[in-house]
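Shown next, in structure tokens, is the structure this report addresses.
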Amino acid sequence: MLQRIKSDINKKDIVNHIKKLLGLPFSEIEKITEDVIDVVSEQLRDNKEINIKNFGKFILRLKKAREGRNPKTQEKFTISERFSISFKTSVRLKSKITE
């Protein structure tokens, strides 16, 4: 059985990892990382899908309004309609993870 260890990674960790690989200044890599995040955000804001080859696809989905319930009080309430971001991994990424 495959056991997963929970490990959080943040933007700073990614920037430091790229810095070790490429040897570029931290500030330059941080700017590039911010630019990538901005491009992804803008594309999703414009209701477009983002497909990153060999990584996966980000999709903006509309979730319809629905009825929810407070588990403690059993009180019913309406969960409003909203957008949600979904991510579907590529076959290549999936195979790398399961190796």
Side-chain angles (χ1 to χ4, degrees):
M1 182 177 185
L2 186 64
Q3 184 179 9
R4 300 270 181 207
I5 299 171
K6 186 176 184 319
S7 176
D8 293 336
I9 186 169
N10 58 32
K11 186 176 66 173
K12 187 176 180 182
D13 296 332
I14 292 170
V15 171
N16 282 325
H17 185 74
I18 294 171
K19 183 180 185 309
K20 286 179 189 174
L21 292 173
L22 301 178
L24 296 172
F26 183 89
S27 60
E28 193 173 322
I29 297 168
E30 188 175 37
K31 174 71 174 120
I32 292 168
T33 306
E34 278 295 326
D35 290 344
V36 169
I37 292 168
D38 289 344
V39 168
V40 170
S41 301
E42 287 171 16
Q43 291 297 309
L44 288 172
R45 200 175 306 122
D46 294 339
N47 294 326
K48 295 180 182 168
E49 293 180 357
I50 300 165
N51 188 13
I52 303 172
K53 189 173 180 160
N54 298 326
F55 184 68
K57 183 189 286 190
F58 293 93
I59 306 164
L60 192 64
R61 297 180 189 257
L62 178 65
K63 288 189 169 188
K64 295 181 180 177
R66 61 188 170 92
E67 189 175 277
R69 186 182 303 243
N70 182 328
K72 281 187 176 181
T73 64
Q74 299 301 313
E75 180 184 346
K76 293 181 182 181
F77 61 95
T78 302
I79 299 171
S80 61
E81 182 177 78
R82 66 194 185 284
F83 285 102
S84 173
I85 301 170
S86 297
F87 178 74
K88 183 176 180 186
T89 59
S90 71
V91 174
R92 185 171 181 190
L93 179 62
K94 232 182 248 187
S95 67
K96 282 185 172 187
I97 291 170
T98 58
E99 287 179 347

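In this chain, numbering begins with 1 at the start of the sequence shown.
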Review point. Distance from Glu75 atom CD to Arg69 atom CZ, nearest 0.5 Å?
Key: 10.5 Å
Exercise for review: Indicate the atoms forming the closest heavy-atom contact of Lys76 with Glu67, along with that distance.
Suggested key: CD-OE2, 3.3 Å
Check your understanding: When rounded to the nearest 0.5 angstrom, what is the spacing between OG in Ser80 and NZ in Lys64?
Key -> 15.0 Å
**Study point:** Test side-chain contact (heavy atoms from CB on, under 4.5 Å) applied to Val39 and Asp35, step by step
**Key:** CA-CA 6 Å; Val39 168; Asp35 290 344; 5.5 Å; no
Practice item. Return the minimal non-hydrogen interatomic distance between Asn54 and Ser90, and the atom names on each side. Key: C-OG, 3.1 Å
Revision key, fill the gap. So CG of Asp38 and CD of Glu34: to nearest 0.5 Å the spacing works out to 6.0 Å
Review point. Would you find more than 12 non-hydrogen atoms of other residues, nucleotides or ligands less than 6.0 Å from Ile37 atom CD1?
Key: yes
Practice item. Of all the heavy-atom pairs spanning Leu93 and Phe55, show the shortest one and how long it is. Key: CD2-O, 3.1 Å
Exercise for review: Quick one: pull up CD1 in Ile59 and NZ in Lys48 and give me the separation to the nearest 0.5 Å.
Suggested key: 16.0 Å
Review point. Does a side-chain heavy-atom distance below 4.5 Å link Ile85 with Leu60?
Key: yes
Exercise for review: Would you mind telling me which of Lys57, Arg61, Glu49 makes a side-chain hydrogen bond (donor to acceptor under 3.5 Å, both in side chains) with Ser86?
Suggested key: Arg61
Review point. When hydrophobic residues are tied together by side-chain contacts of less than 4.5 Å, even through go-betweens, does Val40 share a cluster with Ile9?
Key: no
Exercise for review: Spell out, yes or no, whether Val91 and Phe87 are grouped together once hydrophobic residues are joined by side-chain heavy atoms under 4.5 Å, including indirect joins.
Suggested key: no
Revision key, fill the gap. Taken to the nearest 0.5 Å, the spacing of Thr33 OG1 from Glu28 CD works out to 10.5 Å
Practice item. Kindly compute the distance separating CG (Asn51) from NZ (Lys88), expressed to the nearest 0.5 Å. Key: 10.0 Å
Review point. Are Leu62 and Leu44 grouped together when hydrophobic residues (ILVMFWY) are joined by side-chain heavy atoms under 4.5 angstrom apart?
Key: yes
**Study point:** Donor-acceptor contact present, side-chain Asn16 to main-chain Asp13, <3.5 Å
**Key:** no
Exercise for review: Could you tell me whether a side-chain N or O of Asn10 sits under 3.5 Å from a main-chain N or O of Lys12, the two making a donor and an acceptor?
Suggested key: yes
**Study point:** CA sep, side-chain torsions, deciding dist, call: Phe83, Arg45, side-chain contact (heavy atoms from CB on, under 4.5 Å)
**Key:** CA-CA 10 Å; Phe83 285 102; Arg45 200 175 306 122; over 6 Å; no
Practice item. Work out which heavy atom in Ile29 is nearest to a heavy atom in Leu24; give both atom names and the distance. Key: CD1-O, 3.6 Å
